[in-house]
There are 2 protein chains.
Amino acid sequence: MDRLRKHIEEITPVSDEEFEHVKTFFTLKRIKKHQYLIQEGEQVNFEYLILSGIFRMFYLDHEGKEYIVQFAGENWWMADYQAYFNEKKASLHITCMEDAEILCLTLYGREKLSSDLHKMEHFFRVKLTKGYTAQQRRIISLLSSSPQQRYEEFGQLYPHMMQKIPKKYIAEYLGVSRETLSRLYSNNKGK
Amino acid sequence: MDRLRKHIEEITPVSDEEFEHVKTFFTLKRIKKHQYLIQEGEQVNFEYLILSGIFRMFYLDHEGKEYIVQFAGENWWMADYQAYFNEKKASLHITCMEDAEILCLTLYGREKLSSDLHKMEHFFRVKLTKGYTAQQRRIISLLSSSPQQRYEEFGQLYPHMMQKIPKKYIAEYLGVSRETLSRLYSNNKGK
DNA sequence: TTGCTGGTGTGATTTGGATCACACTTTTTC
DNA sequence: GAAAAAGTGTGATCCAAATCACACCAGCAA
């Protein structure tokens, strides 16, 4: 739980007392590679803060094709927020790509913490702000950049993911076929 | 300013006193069609709540092609948030498509309000939550749907925009060429 | 009236990337 | 450590959408 405190204090300091309270809403879970956190159609009861490991969140279309909404590693939050906030069934899948430890928080917990502690409301607002601008950047990139450029941008933004994640998933994240990405990649080795 | 109060109270009630305080941070502005709110490279000092009128926010690439990040009408907030939150120069343009009245808020104002009034921090968090999930939906749609489907989804989500906004801009929003959109559109008139 | 400017439809041509198909390598699994 | 599963490279083919090109129409301004 130290990790959690450190994570929160990157944004706002909290007293020991306050943290004792915060702590009570989180539960630790260990997840193995290939295990699902959420699957389409399920009730979404939690959001997750990742302490270690890597996950991918994806949408599965009617033909069984995957489209990656987000990768998440250390200190990232993730959930099917659409479902979580509106208490609907999940429309996304989240699966573990590397053994992980995560902290789970219910919607009730999030809202209670936010109303009990102004600080925590602030914390969540700041986090959302960052997520919002990151998503906007991605939208612009999807609209305006070529696969080539998107691939390079991805590498710059998330060098760590670039190393650890199989290319086929990166392709799904970028919105290109595996083959096309492979060709970009090999044509560029030279330069 | 009544409008502002109503808008805030859709999310959280505020006392007269509180609202008096809130009010002081906003300034009203009237904008004419074709007028720019922000242009690339400028300092971003404000975000805007739209009381009436329609705006479009877009990215302009090196070749002068537009890509629409967002349309905004009544009761929408808009700004180049990337720039606003990080106090950088704008990388986007915002321009008025229909005579408008807007309320302007500085970053200082937003942060001051948030820290003075827990309620306002809450208000902004809720707004961001909605924006976040809407953007995520758009990302999924860009990755997984055909132009045809994206066009239909857009019509469902924003029927009002669909009517008022020239098709060429809708094409830019959807990430298709004007011509392709026009063909989808005319091929579908029949059915 | 006579231009402009901005938006729109629609044909012809081109093209980037998807798809299909297969071989090869690496990692997992029991 | 053998078999299966997962990931990758690369050629051949195909196709949806971009691009180019032009005609038309509406609204507005001089």
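Each chain gets a letter, A, B and so on, in the order the sequences are listed, and its residues count up from 1. For the numbers below, each heavy atom of this structure counts, side chains included, while hydrogens, waters and symmetry mates do not.
The side chain of B:P147 has D:dA17 as its nearest neighbour among C:dT19, D:dA21, D:dA17. Nearest nucleotide to the A:K168 side chain, out of D:dG7, C:dA21, C:dA18: D:dG7. Here the nucleotide nearest the side chain of B:S182, chosen from C:dA21, C:dT10, D:dT8, is C:dT10. Of the candidates C:dA18, C:dA12, D:dT8, D:dT8 carries the atom nearest the A:R178 side chain, counting heavy atoms from C-beta on. The side chain of A:R183 lies closest to D:dG11, out of D:dG11, C:dG17, D:dA18. If you check D:dA21, C:dG17, C:dT8 against the side chain of B:P166, the one that comes closest is C:dT8.
Put simply, CD on B:E66 is 16 Å from P on D:dA18, counting in whole angstrom units. Atom CG of A:L143 is separated from atom P of D:dA17 by 15 Å (rounded to the nearest Å). A straight line from NZ of A:K167 to P of C:dT25 spans 17 Å, rounded to a whole angstrom. The CG-C1' distance, from B:L181 to C:dG7, rounds to 13 Å in whole Å. If you measure from atom NZ of B:K33 to atom C1' of D:dG27, you get 10 Å, rounded to the nearest angstrom. Across the protein-nucleic acid pair, A:E179 atom CD and C:dG16 atom C1' stand 14 Å apart, rounded to whole Å. One interatomic measurement links the two molecules: NE2 of A:H34 to P of C:dT28, which rounds to 8 Å at whole-angstrom precision. For the pair A:Q149 CD and C:dG17 C1', the interatomic distance rounds to 15 Å; values are reported in whole Å.
Between A:K32 and C:dT28 there is no side-chain N or O to OP1 or OP2 distance below 4.0 Å. In this structure, A:K164 does not reach the D:dG7 phosphate: none of its side-chain N or O atoms is under 4.0 Å from OP1 or OP2. Between D:dA17 and B:T180, no contact under 4.0 Å exists linking OP1 or OP2 to a side-chain N or O. Look at A:Y169 and you won't find any side-chain N or O under 4.0 angstrom from OP1 or OP2 of D:dA6.
Comment: A:E153 does not engage A:R138 in a salt bridge, judged by the lack of any side-chain N to carboxylate O separation of less than 4.0 angstrom. With respect to the salt-bridge test (charged N to carboxylate O, under 4.0 angstrom), the residues B:E101 and B:K29 do not qualify. Using a 4.0 Å cut-off between charged side-chain N and carboxylate O, A:R5 and A:E9 make a salt bridge. Ion pairing between a basic and an acidic side chain is recognised when a charged N comes within 4.0 Å of a carboxylate O; A:E40 and A:K89 show no such pairing.
Looking at residues two or more places apart in sequence or on another chain, you find a ring-ring contact (aromatic ring centres under 6.0 Å, His included) between A:Y132 and B:Y81.
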